[in-house]
> 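Below are the structure tokens for one structure; questions will follow.
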Amino acid sequence: MRIFSGIQPTGRKHLGNYIGALVQWVAGQDRGDALYCLVDLHALTVPYEPDALRDAVYDTAATLLAAGLDPDRCILFRQSDVHEHTELTWLLSSVTAYGELTRMTQFKDKSGSQGELVSAGLFFYPELMAADVLVYRAHEVPVGEDQRQHIELMRNVAQRFNTRFGETLVVPEGRIPEVGARIMDLQFPERKMSTTGGSPQGTVYVTEEPDAIVKKFRSAVTDSGREVVRAPDKPGISNLIDILAAVRGSSPEEVEASFNGSGYGAFKQAVADAVVDYLRPVRERYQELRADEAELERILAAGADKARAIASETIVDVRQAMGVGPVRARQ
Ligand code: ATP
Ligand code: MG
């Protein structure tokens, strides 16, 4: 069983990324052959600074290793090091409907907040993401809830490719956690916590200092009620319940039961303390790992070599099936 997932090396990664994706990534190392990718080419779809991007790749790599990825048990690499992703993106575009891309809600959400330039790359993002996964013929893609639509698109693309050109690609399944698949911004609990689109006060960073984390939870937006229960008109409290459940590894019902009659103040403090304890070891390991850029680069380069070996075989088969290039056997 092959697992693939990607994360954008943009800014500091947050608690939503950690709970929604990284926890599953770490577990995936024991369930199959796992490939995890720092998708720097996806990060070019919104405004960015070239020097900051280079550094952010190392920040994110160190965060992933600190979270428990082990380069001996998974393939960790940088997307732009494996050119097969971009080649497959173009090849797959011939079996992708323009209308499908126009329906993607991530594009609609992000294009609204881009200022003067909405890049064509932002529109084409789901095609590159389809190629990321399909080039490894991955079976499973651990992601947060927000990626459900992009997974559906890549499944359609793979199926359409196989129907048109013959069985070549694996149709992957998304793997979305039951609790914590959509962590919301603490200040705007109707919006997901986000690396690029969130509020600074409502976003809890994986490597953030304990004092700052506590402050953010204490000032989290809730409602005027008192009961620690989930409800559609209580998005703030519902989000905090989900966060605590995910961190404790319990269910939201158990969290509700254990705070029956406590009031919001005590509950927020408990969530803050639990998250601080949860992230403390990750932050400490991060600081050690981030200090050695040469070692991070060595890990990524070794990962890219392994990834390329798999991806290049798929590209040979796809080109062959599509009639692109001379008849050529796999090397
Ligand atoms: P951006 O908002 O700029 O797209 P992001 O915060 O979504 O950034 P990504 O690198 O795009 O970060 O996502 C990495 C993984 O984290 C994906 O699997 C995504 O589904 C998951 N994820 C992102 N935000 C959340 C969230 N708020 N709750 C749970 N999972 C999330
Ligand atoms: Mg995202």
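Please read all numbers here as calculations on a predicted model, not as lab measurements. When a ligand or atom number is given, it counts from 1 through the structure's own listing order.
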> Tell me, which pairs form a salt bridge (Lys or Arg N to Asp or Glu O under 4.0 Å) where one or both residues lie in residues 256-282, sequence neighbours left out?
Arg230-Glu256, Asp277-Arg280
> Do any pairs count as a ring-ring contact (aromatic ring centres under 6.0 Å, His included) and have a residue in residues 282-309, sequence neighbours left out, and if so which ones?
none
> Sort out the contact shell of ligand 1: every protein residue with a heavy-atom distance below 4.0 Å, listed by chain and number.
Ile7, Gln8, Lys13, His14, Gly16, Asn17, Gly20, Ala21, Lys110, Val143, Gly144, Asp146, Gln147, Gly180, Ala181, Arg182, Ile183, Lys192, Met193, Ser194, Thr195, Thr196
> Give me the ring orientation class for Phe124 and Trp90: parallel if the planes are under 30° apart, tilted from 30 to 60°, perpendicular past 60°.
tilted
> Going by atom type alone, with no hydrogens or angles, which donor-acceptor pairs under 3.5 Å involve a side-chain atom of residues 178-188 and a protein atom two or more places apart or on another chain?
from   : atom 1 : to     : atom 2 : distance (Å)
Asp185 : OD1    : Gln187 : N      : 2.8
Asp185 : OD1    : Phe188 : N      : 3.1
Asp185 : OD1    : Ser199 : OG     : 2.9
Asp185 : OD2    : Ser199 : N      : 2.9
Asp185 : OD2    : Ser199 : OG     : 3.2
Gln187 : NE2    : Ser219 : O      : 3.0

> How many angstroms lie between CG in Asp132 and CE in Met129, if you round to the nearest 0.5 Å?
7.5 Å
> Pairing donors with acceptors under 3.5 angstrom, does anything connect the side chains of Tyr136 and Asp33?
no
